[in-house]
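Values below: every heavy atom of this structure, side chains too, minus hydrogens, waters and symmetry copies. Chain A is the first sequence line, chain B the second, and so forth, proteins listed ahead of strands; every chain is numbered from 1.
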Amino acid sequence: MSTAPTARPVRGTHDLVGEELRRHRAVAETGRTIAARWGYQEIVTPIFEHTEVFARSLGDVSDIVTKEMYTFTDRGGESITLRPENTAGVCRAVISLGLWQQLPVKLFYYGPMFRYERPQKGRLRQFHQIGIECIGAPEPLADAEVIAAGAHTLEALGVLEATVLELNTLGDRESRARYREALVAYLRGHEARLSADSKLRLERNPLRILDSKDEGDRAIVAEAPLLSEFLNEASRTFYARVKEALDRLEVRYVENPRLVRGLDYYTHTAFEFTTTRLGAQGAVLAGGRYDGLVKTLGGPDVPGVGWAAGVERLSLLLAETPPALRPVAIVPIGEAAEAEAWVLARDLRRAGFAVELAFEGKPAKRMKRADRLGAAVALFLGEEERARGTVKLRLLDSGREEEVPRTDLVARLREVP
RNA sequence: GCGGGCGUAGCUCAGUUGGUCAGAGCGCCAGGUUGUGGCCCUGGAGGUCGUGGGUUCGAGACCCAUCGCUCGCCCCA
C-alpha cells in the first residue's frame with residue numbers, strides 16, 4: 001500500500017476502531033470498575049507536565065528521561081514533556097490540589113502515555129495505561145491491597161492465569177544504599193567480563209544488572225551478594241508483613257530476588273505480573289512502593305504505592321472480543337414511510353435503543369446493511385403497516401416475524417435479548 | 001540506539017531459474033428479488049507490485065538506499 005505521508009499515522013501510533021477499540025475499552029472499563037470497588041477514585045491529569053516533574057522523579061540517569069521522552073519548548077519558552085508514565089503526574093496533582101491533607105488518597109487513572117521507543121508488539125510510542133496509586137499509607141497492608149487490587153483486575157479480565165506475580169523488596173533507602181555499594185564492589189571485580197550494556201549500567205543503574213538477559217552477566221550475577229542479606233530489621237519485617245497479607249488474601253506470588261525496577265523512586269516492595277504470551281514484552285502490570293517521590297516533587301514527606309498496567313498488552317491477552325452493540329434497524333418501504341421512519345427512529349432512540357436507519361436504498365440493501373451491522377431486529381414500515389398503525393418486527397437471528405402495534409413497540413423491543 | 005525477517009488490490013496471500021505475472025480467496029459495489037438480510041449465481045470497481053536509484057534488451061522478482069511493519073537486544077506497562 002503506497003500511502004501519502006498525510007495519510008499515514010506517526011510511527012508507533014495506532015488508530016483504535018471496531019474490535020480493537022472494544023477490547024481496549026473493556027480493559028480500561030474493567031480497570032475502572034475494579035478500582036472503584038477497592039475505593040480508588042478516578043483522576044484525570046494533563047497528558048503533559050513541566051519536564052522537571054519527570055526529570056526529578058524518574059532520576060536523571062534512567063533511560064526514559066535520557067532518551068525516551070517527548071520534550072519540547074512551548075511558545076512561552078517552557079520545557080514541556082508528554083508524560084511517559086503517570087505516577088509522577090498523579091503525585092504532582094496530589095500536591096497541587098492539597099489532597100495530602102486527607103490521607104490516604106486512593107486514585108485510579110487511565111490515559112495515553114508517550115515514549116520514544118522502537119515500536120514492537122505490545123510496545124508503542126503512544127500507548128495507554130491504567131493504574132492505581134495509594135498515597136499516604138506507610139503500612140505494608142497498603143502494598144498488599146494495591147497488589148491484590150491488581151490481581152483482581154487481571155482476574156476480572158480473565159487473564160490472571162496467563163500471568164505470574166513476581167515479588168521482591170528493594171528495602172528502605174538505607175538498606176538499598178548499603179546493598180548497592182556491596183553489589184558495585186562485587187561487580188567491579190568482574191567488570192572485564194560484563195556485557196557492554198552492563199558496563200554502562202554499572203555507573204548508572206547497577207541494580208539493573210541483576211535482571212540482565214546476557215548469559216555472561218547472569219553467571220556473574222548468580223554469585224553476587226543478595227539484596228535480602230543487606231536488609232535492615234525494619235525492611236525485613238516490612239516485607240514479611242506484605243507477604244503475610246498477600247497469603248491471607250490468597251494472592252499467589254513467586255519471590256524473585258533479582259526483580260528490580262527501572263525507575264529511581266521505588267523502595268521496599270517491587271512486583272510485576274508477567275506473561276510469556278507477549279514475547280519480549282512480558283510485563284503486563286507492575287509497580288511498587290515509592291516513599292520518597294512526593295517529597296522529591298516538592299510536597300510533604302508522604303509515602304506511596306501503586307502500579308500501572310499496559311492497556312494494549314492486556315488487550316492482546318484478552319480471550320475474546322466484547323460484542324458490539326446490536327442496533328434496531330428500521331426499513332421503510334415506500335415514499336411516505338420514509339419520512340415517518342425518521343420520526344419512529346427518533347422515538348426509539350429517545351426510549352434508549354440504538355437505531356440504524358439508512359439514508360437511502362431498497363429494502364434488500366437496507367437489510368444487508370442491517371445484517372452487517374449486527375442488528376438484532378429489523379422493523380419494516382410499509383403501506384399496510386402504516387394503515388394499521390403497526391410495524392412488522394423481524395428477529396434477525398431466527399427470521400421469525402410478528403406484527404406489533406406501534407403503541408406496544410417499545411415494550412416489545414425491551415423483551416428482545 | 002544495535003542485529004535478523006518482511007513490504008504485491010481494503011484484508012489474507014500466489015506469483016517457478018528475471019521474459020502475457022499483474023493474479024486468487026475474502027471484502028466492496030451492482031444485478032438476479034421495484035416489501036425482507038445471512039446461502040447461492042452473474043457482472044463490476046480496485047494495485048505506477050512501499051518509495052527512490054541502479055544492473056539488464058527486459059525486474060514484482062537481482063543490487064543499493066530510504067520509509068514502514070515485525071522479531072530479538074535495550075527499555076519497560
Novice: Looking only at the side chain of R394(A) (C-beta and beyond, no hydrogens), which of the listed nucleotides C71(B), G32(B), G38(B) gets closest?
Specialist: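 Closest of the options to the side chain of R394(A): G38(B).
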Novice: To the side chain of E385(A), which of G37(B), C73(B), G35(B) is closest?
Specialist: G35(B)
Novice: Rounding to a whole Å, what distance do you find between R400(A):CZ and U36(B):C1'?
Specialist: 16 Å
Novice: Of the options U36(B), C74(B), C76(B), whose atoms approach the side-chain atoms of R313(A) most closely?
Specialist: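 Nearest to the side chain of R313(A) among the choices is C76(B).
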Novice: How about Y253(A) and F271(A): are their ring centroids closer than 6.0 Å?
Specialist: no
Novice: Give one of base, sugar-phosphate or nothing for A308(A), where a contact means two heavy atoms less than 4.0 Å apart.
Specialist: sugar-phosphate
Novice: Using the C1' atom on both, measure C39(B) against G15(B) and round to a whole Å.
Specialist: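 Nearest-Å result for C39(B) against G15(B) at atom C1': 32 Å.
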Novice: Can you identify which nucleotide, out of C75(B), A77(B), C71(B), has its nearest atom closest to the E68(A) side chain?
Specialist: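 Selected nucleotide (nearest to the side chain): C75(B).
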Novice: Which nucleotide sits closest to the side chain of P363(A): G35(B), G32(B), G37(B)?
Specialist: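 Selected nucleotide (nearest to the side chain): G35(B).
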Novice: Out of C75(B), G35(B), C76(B), which has the shortest distance to the side chain of I333(A)?
Specialist: G35(B)
Novice: Base of G35(B), side chain of E401(A) - is there a donor-acceptor contact under 3.5 Å?
Specialist: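 There is none.
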Novice: From C76(B), G37(B), G1(B), pick the nucleotide closest to the side chain of R118(A)?
Specialist: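 The nucleotide sitting nearest to the side chain is G1(B).
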Novice: At under 4.0 Å between heavy atoms, what does G399(A) touch on the DNA or RNA strands: base, sugar-phosphate, or nothing?
Specialist: base
Novice: Any N or O donor-acceptor pair linking the side chain of K362(A) to the base of U33(B) at under 3.5 Å?
Specialist: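 No such pair is found, so the answer is no.
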Novice: Classify the nucleic acid contact of A378(A) as base, sugar-phosphate or nothing, counting any heavy atom under 4.0 Å across all strands shown.
Specialist: nothing
Novice: U36(B) phosphate, OP1 or OP2: any side-chain N/O from K365(A) under 4.0 angstrom?
Specialist: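 Negative; the distance criterion is not met.
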Novice: Given the structure, check if the side chain of D371(A) and the base of G38(B) hold any donor-acceptor pair shorter than 3.5 Å.
Specialist: no
Novice: Give me the ring orientation class for H190(A) and Y186(A): parallel if the planes are under 30° apart, tilted from 30 to 60°, perpendicular past 60°.
Specialist: tilted
Novice: Can you find a donor-acceptor N/O pair under 3.5 angstrom joining the side chain of R123(A) to the base of C74(B)?
Specialist: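 Counting by modelled atom types and ignoring angles, a donor-acceptor contact under 3.5 Å is found here.
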Novice: Pick the P atom in U17(B) and in G7(B), then give their distance to the nearest Å.
Specialist: 16 Å
